[in-house]
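Residue numbers start at 1 and run along the sequence shown.
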Amino acid sequence: MGERMRFGPASIVAVLALAAAALSLSTLALRLPLGLWLQALTAPDMLDVRQMLVRYSFAPRLATSVLCGAALGLAGALLQLALRNPLASPTTLGISAGANLALAMAMLRAPALLAFGREWTAMVGGMAAALIVLALSWQKRLSPLTVVLAGMVVSLYCGALAAMLVLFNTHYLAGLFIWGGGSLSQQDWGIAGFLAPRLALAMLAAALLVRPLTLLTLDDDHARSLGLSVPLTRLAALALAVALTGFVVSTVGIIGFVGLAAPALVNVAGARRVAARLIWSTLLGAALLWVTDQGVQRLAGAYGEMLPTGAITALFGSPLLLWLLPRLRLSLHLPSGLGEVVSRARHPLLLICALGIVLAGMVALSLTIGQGLEGWDLSADLLDWRWPRALAALSAGIMLACAGGILQRMTGNPMASPEVLGVSAGAAFGLIAAMFTLSEVGRSEQIGAATLGALLALLAMLAFGRASAAVPERVLLAGIALGAMFDALVTALMASGDPRAAQLLNWMTGSTYGVDATDATAALVAALATLCALPLLARWLDIVPLGGATATALGLHPRRSHGLLLIATAAMTAVSTLVIGPLTFVGLMAPHLARFLGLQRALPQLVGAALIGGIIMVAADWLGRTIAFPWQIPAGLAATFIGCPALMYLLARRQST
């Protein structure tokens, strides 16, 4: 049962608003003497730069933060009420990412569409993403976890497409990242003037939805018996939430977690009536973004204007989500399509041999066939350039697949993988810490830092799962929060202008451009070591899912086996993440594909998953360098394009009977 806060929503809003006001006044005092405040806000002296900055930068930024926070708080409350999902928000449902992708595509490929208003383009993108999420989760009766996982997949897919657009348009790189990260920097009152009347109309529309949403708090049958059209009510609330999100994204970019945190805090604080939840979510969203933005300006100093506040809200919002999860009432269930049992393969060895032949053929294709200035050709002339990339992709695929298979068996969670549980994000955190704190970062330092980060992330996830009564759904959502925190950190670093951040972007997208023979050989050795270790781990992985008591009765020491499995998984994830980045879905997809082929026992499944992971990554690397020649798509992004549709298919599968 969820816990209730000691303070009500009014107290929380008051505290945040007072803190934001204090920060605002102190920031204003640093910019302008007290005696000039009124003049600067009403009739500034055109020759006084300080007054002009207060009137046309500081004040409109403050107003914009309040309006954007209010819009996102209201949008999140509408989504949570309409879907009966306490984790629904513009961010978790992929609406913000869809709107951002639509705007980026229009800006780069069809700028004429923006003549009709950027908000319309954003709304179309957001609505498309929302409809995809609902379609993927409709067969599961809009199960909260399925909706959130579908939103995560759609967000990652949209993010991968946006990253590809950025890589192909490097002259827009910094601007797109800062804008997409939610920059509230202002130069006039135009955006505030744009948002204010639209927010007022949206609040009026939300007031008209109070009674239908109140009836929707009942189950669907009771709501229909009282004359409510459930689909129409949900569609109206969804459309209004998408419109509010579109207004925000089209003007300032993606603001993370305000739409989730504000209504969730209001719910935990004790607001139960629909009207109260809508009102207090709007006010709390405004206060949250206001205090966050003012804190960013004070802490960042001269860099406050460039640092995207949207990214900082995600850095604060992720820990807030971790704190909220145990306190929210969640009736979550894992998507049944991912956990259904399939028949066991009659001849697993023959199946594994067939996968090995396919992998060998894919490697040969990658090494010999490609595009050049004269089109497609069959040539081994570029073998010295191709083989390091192919081997690096192959090795990363093998290790990620094995790590995902071990995690799924160890946790009994079919959605566990290095990417979803935040282990890849932990490895990335370790690498970032090494890059920005050590004067020289060699390969050994990178591997050590990434392994330590992955291991800490694993331990944190397992500790959180134990504190949450080992409910796997909460662990998944905690992993999502950790991944969002990493994305926010990368966005903030990109906005800082540090040249190391540009290198980080190339690595994050899974680029194999810079892999040389030494790196490829080291990765291959690690992959072969992984394969050699599988027979030693197989018995443990067959016994561990049976439970601690059974494992002990069979002579297995649970704590020791878990510790060694954790270390092995962290090392595999760290090395593969260094090679291919943290964005792929190979660690999630390959074990499922192996199981769907009938490989049920631990050793056959892990070997099959390793071969499938190698096939996916080698194919992704080959497609990435040939399909858009002379442009090249990083292997990590290409694997995401392959993995996301496959995961969408699994999420949309009907439960087998």
List in chain and number order the residues that pass side-chain hydrogen bond (donor to acceptor under 3.5 Å, both in side chains) with Ser281, two or more places apart in sequence or in another chain; answer none if no residue qualifies.
none

Mind checking side-chain hydrogen bond (donor to acceptor under 3.5 Å, both in side chains) for Arg601 and listing every partner two or more places apart, or none if nothing turns up?
Asp542

List in chain and number order the residues that pass side-chain contact (heavy atoms from CB on, under 4.5 Å) with Ala241, two or more places apart in sequence or in another chain; answer none if no residue qualifies.
Ala75, Leu78, Leu79

What pairs meet the salt bridge (charged side-chain N to carboxylate O under 4.0 Å, His left out) rule with one or both residues in residues 243-258, with sequence neighbours excluded?
none

With sequence neighbours excluded, what pairs up with Phe247 under the ring pair (Phe, Tyr, Trp, His ring centres under 6.0 Å) test?
none

Filter on salt bridge (charged side-chain N to carboxylate O under 4.0 Å, His left out), then keep only pairs touching residues 195-208, sequence neighbours left out; what's left?
none

Excluding sequence neighbours, so at least two apart, what forms salt bridge (Lys or Arg N to Asp or Glu O under 4.0 Å) with Arg224?
Asp221

Suppose we screen for side-chain hydrogen bond (donor to acceptor under 3.5 Å, both in side chains). Which residues come up paired with Gln80, at least two apart in sequence or across chains?
none

Note: Leu67 and Ala196 closest approach over all heavy atoms is CD1-N, 4.0 Å

Going by side-chain contact (heavy atoms from CB on, under 4.5 Å), name the residues that satisfy it together with Ala609, two or more places apart in sequence or in a different chain.
Ala401, Ala590, Pro591, Ala594

Only pairs at least two apart or in different chains count here, so list each salt bridge (charged side-chain N to carboxylate O under 4.0 Å, His left out) that has a residue in residues 80-106.
Arg84-Asp220

Can a donor-acceptor pair be found between the side chains of Thr92 and Ser89 at a distance below 3.5 Å?
yes

Show the nearest heavy-atom pair for residues Ala77 and Leu278, with the distance to one decimal.
CB-CD2, 3.9 Å

Hey, are the side chains of Pro418 and Leu400 touching, using non-hydrogen atoms and a 4.5 Å cut-off?
yes

With distance as the sole criterion, is a donor-acceptor pair present between the side chains of Trp290 and Ser24 under 3.5 Å?
yes

Apply side-chain contact (heavy atoms from CB on, under 4.5 Å) to Leu226 and list each qualifying residue two or more places apart in sequence or on a separate chain.
Leu215, Leu218

Heavy-atom donor-acceptor pair, Arg234 side chain to Ala82 backbone, under 3.5 Å
yes

Indicate yes or no for a side-chain donor-acceptor contact from Arg277 to the backbone of Arg272 under 3.5 Å, with no hydrogens or angles considered.
no

Quick one about Gln605 and Arg409 (side-chain donor to acceptor, distance below 3.5 Å, no hydrogens or angles considered), yes or no?
yes

Donor-acceptor pair, Thr292 side chain versus Leu289 backbone, under 3.5 Å?
no

Any salt bridge (charged side-chain N to carboxylate O under 4.0 Å, His left out) pairs touching residues 146-165, not counting sequence neighbours?
none

